[in-house]
Amino acid sequence: MASKKDDGGLSNLMARMDAVKNAPRKQINKALMTSANELAEAQRHLAEASRDTGALIDSIAVTGPGEATPAYSQPGGSRVAGEHEVIVTAGNSDVRYAHLVEYGTSKAEAQPFFWPALRLLRKRLQQRIDRAGRKAIRDAWSDQK
């Protein structure tokens with residue numbers, strides 16, 4: 001049979017677990033935005049090789065949680081990012097050719113900029129997000145002591 005002292009320990013543990021469960025969201029969103037901006041900057045740099053007017057470079061956008069991506073953006077067109085989601089896109093209603101530059105056409109060589117940047121930075125970006133989550137959990141756990 002559990003005593004009142006045991007209930008207090010259980011209540012304390014449950015409160016700490018709730019704090020840990022809810023803690024990472026804000027810090028992870030910050031890390032997501034930092035990573036997305038770094039990725040977009042790398043994509044812009046790689047897109048310089050295909051510069052004609054600069055419109056493609058200017059169309060590379062970072063969409064934060066709850067925001068809508070530009071219409072006609074690649075990959076996937078317009079959609080709303082989730083609560084803990086950040087989306088990097090290229091193209092918009094004026095620049096509807098990002099995929100043609102990335103993959104090429106029968107008359108133009110491919111000039112990849114989007115996916116190579118992601119492949120180059122994927123590990124670094126993921127590590128930043130993982131560190132932010134671990135730190136948030138560690139901080140929330142220690143704050144509840």
Side-chain angles (χ1 to χ4, degrees), residues 6-145:
D6 291 337
D7 288 344
L10 181 58
S11 297
N12 185 29
L13 177 62
M14 294 307 288
R16 289 173 72 182
M17 293 299 281
D18 284 340
V20 167
K21 180 178 79 174
N22 296 322
R25 297 169 204 264
K26 187 175 181 180
Q27 289 179 352
I28 288 175
N29 280 354
K30 183 179 176 189
L32 283 169
M33 286 300 292
T34 300
S35 293
N37 284 316
E38 182 179 347
L39 175 60
E41 192 56 40
Q43 290 169 337
R44 289 183 193 107
H45 180 74
L46 291 176
E48 278 290 330
S50 64
R51 177 186 276 281
D52 186 17
T53 65
L56 174 63
I57 294 165
D58 294 340
S59 77
I60 297 172
V62 174
T63 303
E67 298 174 354
T69 60
Y72 304 105
S73 60
Q74 296 291 323
S78 183
R79 72 181 191 87
V80 176
E83 183 182 357
H84 306 293
E85 180 181 30
V86 176
I87 304 169
V88 179
T89 57
N92 54 37
S93 57
D94 295 327
V95 179
R96 296 176 68 174
Y97 53 84
H99 63 291
L100 300 175
V101 174
E102 180 77 12
Y103 299 112
T105 68
S106 62
K107 297 181 181 184
E109 288 279 326
Q111 297 176 6
F113 64 95
F114 194 87
W115 297 113
L118 179 62
R119 286 191 294 273
L120 180 69
L121 295 174
R122 181 186 314 252
K123 185 176 180 181
R124 173 188 169 109
L125 304 178
Q126 187 63 55
Q127 287 174 342
R128 175 184 291 129
I129 295 161
D130 292 346
R131 276 192 313 272
R134 285 192 303 270
K135 182 178 183 323
I137 290 169
R138 215 174 24 253
D139 292 350
W141 188 259
S142 65
D143 287 347
Q144 293 296 314
K145 286 185 178 180

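Along the sequence shown, the residues carry numbers beginning at 1.
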Partner set under side-chain contact (heavy atoms from CB on, under 4.5 Å) for [X], not counting sequence neighbours:
X	value
Gln127	Lys123, Arg131
Ala132	Ala31
Ala55	Thr53, Val95, Tyr97

From [X] [atom1] over to [Y] [atom2], what is the distance, rounded to the nearest 0.5 angstrom?
X	Y	atom1	atom2	value
Asn37	Leu125	CG	CG	10.5 Å
Phe113	Leu56	CZ	CG	4.5 Å
Glu38	Thr34	CD	OG1	9.0 Å
Ile28	Arg134	CD1	CZ	10.5 Å
Glu41	Leu46	CD	CG	10.5 Å
Arg44	Leu39	CZ	CG	9.5 Å

Exercise: identify the closest heavy-atom pair between [X] and [Y]:
X	Y	value
Arg96	His99	O-CE1, 3.4 Å
Ser78	Ala71	CB-CA, 3.8 Å
Ala40	Val62	CB-CG2, 3.7 Å
Pro70	Ala61	CG-CB, 4.4 Å
Pro116	Glu102	CD-OE2, 3.5 Å

His45, NE2: over 12 other non-hydrogen atoms inside 6.0 angstrom: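 Atom NE2 in His45 is not crowded, with 12 or fewer foreign heavy atoms closer than 6.0 Å.
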Can you pull the side-chain hydrogen bond (donor to acceptor under 3.5 Å, both in side chains) pairs that have at least one residue in [range], sequence neighbours excluded?
range	answer
residues 104-115	Tyr103-Trp115
residues 64-76	none
residues 84-94	Asn29-His84, Arg79-Glu85

Would a distance-only check, ignoring hydrogens and angles, find a side-chain to backbone donor-acceptor pair under 3.5 Å from [X] to [Y]?
X	Y	answer
Glu83	Pro65	no
Ser50	Ala47	yes
Gln43	Phe114	yes

